[in-house]
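Notes follow once the structure below has been shown.
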Amino acid sequence: LNIIQLEKGGYEVNFKRVETSEDFETAIQSEKWDIILCDYKMPKFNGLEALLIVKESHIDIPLIIISGTIGEDIAVEAMKAGALDYIMKDNLQRLLPAVEREIREAKNRAKQRMLEHKEKLLQEERLAHFNFLESMDKINRVIQGTNDLEQMMSDVLDVVLSIFDCDRAVLIYPLDPDAESWTMPIARCRPEFPMINTKVSVPLDPLARKVLKAMLDSEDPVKAGSGTPFPLPEGVSERFGFKSFMGMALYPKMGKPWNFGIHQCSSAKIWSKEEERLFHEIARRLTDALTSLLMYRERVKGEAENRAIVN
């Protein structure tokens with residue numbers, strides 16, 4: 001009778017009849033439905049159970065209770081449980097307008113959710129852009145704050161440590177997969193994850209060489225650890241106690257490339273695209289700063305040597 005009423009109203013109805021809670025749950029999860037018409041009382045199932053299943057599925061499908069025996073108190077209970085209308089079987093002329101109303105309202109709710117989702121995405125994009133600009137301003141300020149190379153590197157790594165909420169930020173020289181070893185001229189760490197000795201040479205194992213080569217071949221940050229293309233180099237990660245790494249090659253105009261990286265030691269981490277973009281821009285700015293201060297250091301050194309010769 002329900003289908004006949006809807007067809008009389010000009011609808012071509014695609015429907016499925018279910019009589020158990022299991023079949024009902026499978027039906028609403030496996031296909032997209034415009035509306036649910038549910039008898040209040042069935043041999044193996046009832047309307048309140050259907051309402052609970054719809055509620056727990058988090059799917060917005062309007063549900064109308066249809067019954068021949070429902071009393072006012074039960075109708076109120078059904079409406080409180082989430083039924084959007086209830087119709088008596090002896091008053092099915094109400095069915096078509098009720099169905100049209102609820103389908104229309106469901107479409108309006110879906111449209112509103114889409115608008116709210118778009119607005120949320122716009123807000124997140126604006127916030128991400130603001131955070132990006134604010135972070136780069138902090139980096140630029142510390143770079144411009146000194147002409148001392150070591151002080152600049154230390155200050156930048158302190159800011160990086162704060163921006164990424166990481167456990168360690170490092171600069172390694174040289175970034176050379178063919179080198180026998182490397183040193184870490186400077187590192188900034190959280191107190192619970194200190195570096196033992198940044199001046200000691202560390203031998204390179206084959207996996208570490210592979211990661212370093214990937215950094216030289218890539219214009220983007222390279223990550224190592226769980227959920228990344230590279231497993232952690234065991235010797236290096238065990239010695240320095242990190243579980244995730246993101247790094248990038250820096251190419252100042254003097255000397256060999258540098259390795260700019262951040263470590264996550266407390267737990268493995270997957271960095272977001274926004275974090276990768278920010279890391280990339282900091283690396284670019286740090287490269288320019290290294291070029292300027294390395295040249296400045298050489299110029300000062302040359303001037304001092306010239307004065308010594310004159311004297």
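Between K273 and E125 there is no salt bridge, since no side-chain N of the basic residue sits under 4.0 Å from a carboxylate O of the acidic one.
Listed by chain and number, the residues in a ring pair (Phe, Tyr, Trp, His ring centres under 6.0 Å) with F193 amount to none (sequence neighbours excluded). Contacts of D165 classified as side-chain contact (heavy atoms from CB on, under 4.5 Å), with partners at least two apart in sequence or in another chain: R190. R17 meets the salt bridge (charged side-chain N to carboxylate O under 4.0 Å, His left out) test with E19; sequence neighbours excluded. Legend: residues meeting side-chain contact (heavy atoms from CB on, under 4.5 Å) with D137, ordered by chain and number and at least two apart, are R141. Applying the side-chain hydrogen bond (donor to acceptor under 3.5 Å, both in side chains) test to E49 and every residue at least two apart in sequence or in another chain returns N46.
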Distance-only donor-acceptor pairs under 3.5 Å for side chains of residues 275-282, two or more places apart:
residue	atom	partner	partner atom	Å
E275	OE1	S272	N	2.9
E275	OE1	S272	OG	3.4
E275	OE2	K269	NZ	3.4
E276	OE2	K223	NZ	2.6
H280	NE2	E219	O	2.9
E281	OE1	R284	NE	3.4
E281	OE2	R284	NE	3.0
E281	OE2	R284	NH2	2.6

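From T20, atom OG1 reaches atom CD of E25 across 10.0 Å, with rounding to the nearest 0.5 Å. For the atom pair CG of N259 and OH of Y173, the computed distance is 12.5 Å after rounding to the nearest 0.5 Å. Between atom CD1 of residue I61 and atom NZ of residue K55 there is a gap of 15.5 Å, rounded to the nearest 0.5 Å. Going from atom OG of S57 over to atom CD1 of I53 covers 9.0 Å, rounded to the nearest 0.5 Å. Atom CG in L63 sits 10.0 Å away from atom CD in E102 (nearest 0.5 Å).
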task: List the steps, then state whether side chain to side chain donor-acceptor pair (under 3.5 Å) holds for N140 with Q144.
output: CA-CA 6 Å; N140 288 327; Q144 295 163 7; 5.0 Å; no

message: If you apply the rule side-chain contact (heavy atoms from CB on, under 4.5 Å), what do you find for D23 with F45, and how did you get there?
response: CA-CA 10 Å; D23 289 346; F45 192 36; over 6 Å; no

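F242 and L161 fall into different hydrophobic clusters, defined by Ile, Leu, Val, Met, Phe, Trp and Tyr side-chain heavy atoms under 4.5 Å apart, directly or through other members.
In this structure, A268 and K243 approach most closely via the heavy-atom pair N-CB, 4.0 Å.
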